[in-house]
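The next block holds one structure in the form of structure tokens; read it before the comments.
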Amino acid sequence: MSKTQQATTEHERQGSAWQGAPPPDYPESAPEGATLDLLLNAWLGKFTGGISPAALGNAYADWLSHLALAPSKQQTLLQEAWKKIGRWQQYAVQSALSGGGAAPCIAPLPQDRRFDDPAWQRWPYNLVYQGFLLQQQWWHRATTGVRGVSPHHEDVVTFTVRQWLDMLAPSNFMLTNPVVQQATLASGGANLARGMAHLAEDWQRAAMGAHAPGQRTHAVGGNVAVTPGKVVYRNDLIELLQYAPTTASVHATPVLFVPAWIMKFYILDLSPHNSLVRYLVAQGHTVFMISWKNPLEEDRELSLEDYRQLGVMDALDAVVRITGAPQVHAAGYCLGGTLLAIAAASMARDADARLASLTMLASQVDFKEPGELSLFIDDSQVSFLEAAMWKQGYLDTKQMAGAFQLLRSNDLVWSRRLRHYLLGLDEQDSDLMAWNADATRMPCRMHSEYLRRLFLHNDLAEGRYRTAGRHIALPDIHAPIFAVGTVTDHVAPWRSVYKLQLLTDTDVTFLLTSGGHNAGVVSPPGQARRSYQLATHRHDEAYIDADSWQRDVPRHEGSWWPAWQAWLAARSGAQAPPPAMGPDLGDAPGTYVLQP
């Protein structure tokens with residue numbers, strides 16, 4: 001019996017309310033004879049990109065039926081349509097009379113860069129893109145504000161309509177894109193030839209499962225994830241890395257990173273110039289890192305409790321054993337922060353005081369406002385997704401990548417195709433993009449539990465979550481917390497991260513930094529256009545709402561890393577000689593991170 005199976009069996013012996021018994025809708029607990037249903041849904045998911053037709057149909061039925069019962073909304077939309085047609089016609093006349101110098105009748109949204117080039121201001125392209133923006137605005141008003149439509153269904157309809165509009169945007173086609181036409185004339189069609197070559201290369205890579213160009217340029221252990229260290233502990237789910245000290249003395253309290261298992265750990269140890277791990281080591285911290293196994297079909301029964309026990313708790317045991325430190329600073333990123341909060345609440349319940357502090361990097365514990373990922377999460381969609389996972393034993397990397405690409409289709413899909421295929425430009429290359437393409441799989445049972453218990457039912461925030469068969473509560477956590485939110489995060493919106501102050505009974509230092517979910521965390525000193533706000537909320541002080549906090553807290557220019565390091569150092573005791581390295585099981589970054 002493997003260690004994973006032993007751990008799962010032990011959890012069942014302990015009477016876990018749901019680790020020993022899967023969630024009610026988990027495929028393995030489906031009624032006898034439901035296999036055909038699961039097979040049908042799994043097969044259908046291959047053609048829908050994992051999107052549930054029932055979930056989509058429910059959303060559109062909700063919207064259309066309520067729109068049909070709203071004659072005043074219909075009248076408003078009809079009036080809006082005539083007004084926009086009139087505005088567009090007036091602009092067309094003014095543009096013709098002024099030789100193309102008329103002021104636009106509608107401006108793109110600030111984040112929409114598709115029509116920035118001056119070539120779009122020439123006739124007839126100015127009429128084309130202005131008409132598109134007016135139509136886009138009308139559709140937004142048509143899909144929002146319909147009385148009686150559930151907020152989730154409204155979001156789904158608005159999102160899918162936006163996807164269709166993004167696909168049909170005039171910037172995506174050579175005949176309506178003046179920038180592409182100019183490039184074609186200037187190069188004699190060489191841009192299109194290069195674009196065809198890029199398309200052929202992409203097709204070949206997809207068929208063969210080869211690495212993207214950025215992954216070939218940035219190799220794990222070659223020029224990313226190269227901070228020196230050793231694998232000092234290994235089980236069936238994790239490798240624990242200990243990084244070699246570079247200072248004569250170190251802070252007494254070590255730091256343990258718990259990264260998300262949805263991606264590989266080295267976003268926290270990218271290139272030497274932007275590695276958070278290397279930065280902390282240089283500041284005299286003893287740093288450990290969990291590296292998750294990339295699960296396969298045989299790991300389908302790994303549970304969220306296994307991730308807590310074999311991941312966080314085993315790693316914490318090893319850190320304490322190796323360093324002899326009575327306490328550890330634990331830092332979780334994204335889903336790793338959520339798991340760390342579960343572990344911390346479990347430890348608090350069991351009077352385990354080994355956590356000196358918790359750091360939550362873009363991590364949520366309350367999923368009432370989970371960001372744009374909620375578009376893909378409801379009972380219908382989760383059941384559909386579970387069927388696909390049941391068939392193969394895990395959530396495939398392509399399914400997750402597709403969902404994230406849809407959330408930012410302008411940047412990650414259509415703008416890329418414009419640059420890569422029509423303009424013939426080479427793929428942009430960076431360590432962060434290479435890491436982003438290096439996704440991992442997720443076991444069927446664990447991901448089902450995560451989606452249902454946390455996203456759908458919000459059990460952790462509402463006091464229903466259990467570990468080892470007993471309830472846990474976030475207010476039991478009394479270790480100080482440092483929470484980081486990023487301004488443009490579409491995965492863990494910063495206001496949702498900020499709600500941690502309402503759910504705990506300890507001092508919470510909240511930091512809001514510029515950037516998004518990934519780039520906001522990877523923010524080394526010296527990087528341009530970075531800023532942050534920072535303030536501590538004492539456990540016995542009155543609550544300040546998120547918007548008031550953002551308005552009133554001073555802004556600081558530069559990276560947030562030094563501020564966090566100073567916070568850690570103040571809670572890390574006296575300096576001492578570096579502890580000995582743990583058992584040498586191989587050089588960092590280890591073997592699990594290299595699993596395809």
Side-chain angles (χ1 to χ4, degrees), residues 221 224-235 238-259 265-266 268-291 311-333 336 340 343-344 347 352-359 361 479-482 509 524-525 559-593:
V224 295
V226 294
T227 302
K230 295 290 184 180
V231 177
V232 294
Y233 175 78
R234 181 186 291 118
N235 62 27
I238 68 165
E239 288 182 330
L240 181 67
L241 312 180
Q242 181 182 1
Y243 294 96
T246 59
T247 55
S249 60
V250 297
H251 297 284
T253 306
V255 178
L256 169 64
F257 277 107
V258 183
F265 78 85
Y266 63 92
L268 302 170
D269 185 28
L270 284 171
S271 304
H273 72 277
N274 60 2
S275 166
L276 179 54
V277 167
R278 183 177 290 258
Y279 174 79
L280 287 181
V281 170
Q283 302 302 313
H285 292 276
T286 301
V287 179
F288 291 81
M289 174 73 70
I290 289 175
S291 175
V312 179
M313 300 312 298
D314 277 13
L316 182 62
D317 291 343
V319 171
V320 171
R321 183 170 61 250
I322 290 167
T323 64
Q327 289 192 310
V328 175
H329 294 300
Y333 172 56
L340 177 58
M347 292 171 68
D352 185 340
R354 289 180 294 169
L355 290 181
S357 74
L358 274 72
T359 295
L361 305 176
I481 297 175
F482 193 100
T509 299
S559 166
W560 62 269
W561 289 6
W564 179 47
Q565 188 277 323
W567 186 89
L568 287 176
R571 293 161 177 80
S572 295
Q575 297 268 326
M581 297 290 289
D584 184 355
L585 304 181
D587 292 334
T591 59
Y592 282 4
V593 73

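Please read all numbers here as calculations on a predicted model, not as lab measurements.
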Straight-line distance of [X] [atom1] to [Y] [atom2], nearest 0.5 Å:
X	Y	atom1	atom2	answer
Leu340	Leu256	CG	CG	8.0 Å
Leu240	Lys230	CG	NZ	14.5 Å
Met347	Met313	CE	CE	4.5 Å
Ile238	Phe265	CD1	CZ	12.0 Å
Leu316	Gln327	CG	CD	10.5 Å
Tyr243	Met581	OH	CE	10.0 Å

- Task: Could you give me the CA-CA distance, side-chain angles and deciding distance for Ser271 and Val224, then say whether side-chain contact (heavy atoms from CB on, under 4.5 Å) is met?
- Result: CA-CA 5 Å; Ser271 304; Val224 295; 3.9 Å; yes

I'd like to check [X] versus [Y] (side-chain heavy atoms, cut-off strictly below 4.5 Å). Are they in contact?
X	Y	result
Phe257	Leu280	yes
Thr591	Arg234	yes
Tyr266	Pro259	no
Ser357	Pro480	yes
Phe288	Thr323	yes
Pro562	Pro525	yes

- Heavy-atom donor-acceptor pair, Arg354 side chain to Val320 backbone, under 3.5 Å: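 Side chain of Arg354 to backbone of Val320: no pair is present.
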
- Item | Test item: Glu239 side-chain N/O and Gly590 main-chain N/O as donor-acceptor pair under 3.5 Å | no

- Note on the structure: Across all chains, not counting sequence neighbours, the side-chain contact (heavy atoms from CB on, under 4.5 Å) partners of Thr509 are Phe482, Leu534, Thr536, Trp567

For the residue pair [X] and [Y], what are the closest heavy atoms and their distance?
X	Y	value
Gly284	Thr247	CA-OG1, 3.5 Å
Ile290	Gly311	CD1-O, 3.7 Å
Leu268	Ser275	O-OG, 3.7 Å
Pro579	Thr286	CD-OG1, 3.6 Å
Asp314	Tyr233	OD2-OH, 3.1 Å
Ala252	Ala325	O-CB, 4.0 Å

- Give the intermediate values and the outcome of side-chain contact (heavy atoms from CB on, under 4.5 Å) for residues Gln242 and Val319. CA-CA 9 Å; Gln242 181 182 1; Val319 171; over 6 Å; no

- For Gln283 and Leu568, what are the C-alpha separation, side-chain angles and deciding distance, and is it a side-chain contact (heavy atoms from CB on, under 4.5 Å)? CA-CA 11 Å; Gln283 302 302 313; Leu568 287 176; over 6 Å; no

- Query: Does a donor on one side chain sit under 3.5 Å from an acceptor on the other, for His329 and Ser572?
  - Reply: yes

